[in-house]
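This report refers to the structure that appears directly beneath it.
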Amino acid sequence: DDLRPKTFAIVSQDDPFTLGVMDRLKGKLTDAGLQLVFDEIYAPETTDFSAIALQVADLNPDLIVGGTVLEDSIGQIRAYAEAGYTPQYAFYTTGPSLPGPFKEALGDLTERVYSAISWFPEGPGFQNADFVAAYTAKYGVAASDVPEDAANAFTVGQVLQQAAENVGSIDNADLITELHASKFDTIVGPLSFDEVGAPKGSFMLLQWQGDSSVIIGPSDRAQGLPLGPGEPTSAKPSGNPVRIGISLPLTGRFSEPGSAAKQGYEVWAALINASRGILGRPVELIILDNASDQDTAVADYEKLITVDKV
């Protein structure tokens with residue numbers, strides 16, 4: 001509860017997209033018990049945010065919510081820093097999801113900033129790896145430079161293809177009926193549409209940590225955990241290790257797949273221990289060789305549970 005924000009401010013560009021998002025967030029945050037202490041809308045051509053920043057700094061809300069595109073997200077963040085305001089939490093609609101120009105403009109001021117994003121290059125979505133490979137080959141860019149808008153356009157093609165194949169027709173009426181009725185596999189995740197055609201898929205939440213942004217939700221697409229206020233970016237796991245017991249066939253008939261599994265476990269443990277561990281604790285693997293024998297495997301797990309206390 002000590003880390004939970006209690007007050008928030010909204011500072012948004014006068015734009016239909018950003019205002020729609022702000023209205024929705026305002027309702028959700030107030031319903032969750034947060035107090036709105038400042039609500040400001042500015043003209044799209046605004047470049048000087050110093051006056052707004054001074055007002056926000058004087059109120060010192062726990063959470064700042066910015067309805068922004070790239071340039072004004074940078075302008076807001078710089079102005080808050082100059083005014084001496086460091087929010088516990090900061091969320092901006094667009095800007096943080098454009099890694100190159102956002103980081104280049106702000107440097108360390110990007111730290112712990114949140115944003116929403118519909119797609120990222122390493123995502124597990126349907127055909128995502130194929131899309132990234134084809135895009136980078138065709139346009140000669142790195143995967144990290146593939147625009148989110150390009151991914152959204154590819155998604156439209158995926159939905160159209162699946163809808164047409166599902167009904168065996170490209171008739172408009174048939175396609176409209178199918179679009180309202182089905183769920184489609186896309187590079188941004190499963191996607192369906194409500195009665196007025198609005199998409200019902202979920203966005204992802206990212207947070208800037210160090211030199212890059214990290215997807216922190218939803219859990220099935222998360223790359224890592226969020227960092228709380230004051231928590232070091234390079235937080236390493238500490239305390240008593242999480243001991244994980246594993247019995248594998250490292251010798252005998254099934255030694256080849258057993259050795260491969262051991263390597264996979266070890267790579268996973270090394271990566272997670274180099275980041276944040278499990279719940280902030282390091283991982284310790286205890287791997288026993290069952291010599292490809294079922295009875296030995298059972299005995300191994302009995303020992304791991306009763307003696308090694310994994």
Side-chain donor-acceptor pair present, [X], [Y], cut-off under 3.5 Å:
X: Asp48; Y: Ser50; value: yes
X: Glu148; Y: Ser118; value: yes
X: Gln158; Y: Gln162; value: no
X: Asp300; Y: Ser247; value: yes
X: Glu178; Y: Ser182; value: yes

Test: Arg78 and Glu82 ion pair at under 4.0 Å
no
Would you mind checking if Arg4 and Asp62 are paired as a salt bridge, meaning a charged N to carboxylate O distance below 4.0 Å?
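Salt bridge: no.
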Does [X] belong to the same Ile/Leu/Val/Met/Phe/Trp/Tyr cluster as [Y], with side-chain heavy atoms less than 4.5 Å apart forming each link?
X: Trp268; Y: Leu250; value: yes
X: Val21; Y: Ile117; value: no
X: Leu109; Y: Val56; value: yes

Is there a side-chain contact (heavy atoms from CB on, under 4.5 Å) between Leu248 and Ile287 once you walk through the steps?
CA-CA 7 Å; Leu248 292 173; Ile287 300 177; 4.0 Å; yes
Tell me, yes or no, whether the heavy-atom count around [X] atom [atom1], taken from other residues, nucleotides or ligands under 6.0 Å, exceeds 12.
X: Phe203; atom1: CZ; value: no
X: Asp31; atom1: CG; value: yes
X: Tyr301; atom1: OH; value: yes
X: Asp108; atom1: CG; value: no

Only one of Tyr85, Tyr92, Phe49 clears ring-ring contact (aromatic ring centres under 6.0 Å, His included) with Tyr80; which?
Tyr85
Backbone of [Y] reached by a side-chain donor or acceptor of [X] within 3.5 Å:
X: Asp194; Y: Val196; value: yes
X: Arg243; Y: Leu285; value: no
X: Asp58; Y: Gln55; value: no
X: Ser259; Y: Glu256; value: no
X: Asn128; Y: Pro124; value: no
X: Ser115; Y: Thr93; value: yes
X: Thr18; Y: Asp15; value: yes
X: Arg281; Y: Asn240; value: yes
X: Glu302; Y: Ala297; value: no
X: Ser292; Y: Thr251; value: yes

Report yes if the side chains of [X] and [Y] come closer than 4.5 Å at any heavy-atom pair, otherwise no.
X: Leu206; Y: Ser97; value: yes
X: Val146; Y: Phe131; value: yes
X: Phe8; Y: Gln35; value: no
X: Lys309; Y: Leu304; value: no
X: Asp14; Y: Pro44; value: yes
X: Val188; Y: Asn152; value: yes

Roughly how far, to the nearest 0.5 Å, is [atom2] of [Y] from [atom1] of [X]?
X: Ile170; Y: Leu175; atom1: CD1; atom2: CG; value: 7.5 Å
X: Ile74; Y: Lys103; atom1: CD1; atom2: NZ; value: 12.0 Å
X: Thr68; Y: Met22; atom1: OG1; atom2: CE; value: 7.5 Å
X: Asp295; Y: Asp293; atom1: CG; atom2: CG; value: 5.0 Å

Let's go through Val65 and Leu63 carefully: what are the C-alpha distance in whole Å and the side-chain angles of both, what is the deciding distance for side-chain contact (heavy atoms from CB on, under 4.5 Å) to 0.1 Å, and is it a yes or a no?
CA-CA 6 Å; Val65 181; Leu63 165 66; 3.8 Å; yes
Closest contact, heavy atoms only, [X] versus [Y]:
X: Pro147; Y: Tyr135; result: CD-OH, 3.3 Å
X: Leu191; Y: Thr155; result: CD2-CG2, 3.8 Å
X: Leu54; Y: Ala83; result: CD2-CB, 4.0 Å
X: Gly210; Y: Thr110; result: O-OG1, 4.2 Å
X: Pro61; Y: Val37; result: CB-CG2, 3.9 Å
X: Val283; Y: Ala269; result: CG1-CB, 4.3 Å

Between Leu288 and Ile246, does a side-chain contact (heavy atoms from CB on, under 4.5 Å) hold up when you go through it step by step?
CA-CA 6 Å; Leu288 303 180; Ile246 307 159; over 6 Å; no
For Gln76 and Tyr42, what are the C-alpha separation, side-chain angles and deciding distance, and is it a side-chain hydrogen bond (donor to acceptor under 3.5 Å, both in side chains)?
CA-CA 11 Å; Gln76 280 197 39; Tyr42 55 86; 3.2 Å; yes
Ring pair (Phe, Tyr, Trp, His ring centres under 6.0 Å) evaluation trace for Phe102 with Trp208:
CA-CA 10 Å; Phe102 187 71; Trp208 274 86; 5.7 Å; yes
side-chain contact (heavy atoms from CB on, under 4.5 Å) between Ile286 and Ile244, worked out
CA-CA 6 Å; Ile286 300 177; Ile244 300 175; over 6 Å; no
When Ile10 is tested against each of Leu29, Leu19, Asp39, Ile41 for side chain to side chain contact (heavy atoms under 4.5 Å, CB included), which residue passes?
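When side chain to side chain contact (heavy atoms under 4.5 Å, CB included) is applied between Ile10 and each of Leu29, Leu19, Asp39, Ile41, only Asp39 qualifies.
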I need the single residue from Leu25, Val113, Ile64 that forms a side chain to side chain contact (heavy atoms under 4.5 Å, CB included) with Phe91. Which is it?
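Only one of Leu25, Val113, Ile64 forms a side chain to side chain contact (heavy atoms under 4.5 Å, CB included) with Phe91, namely Leu25.
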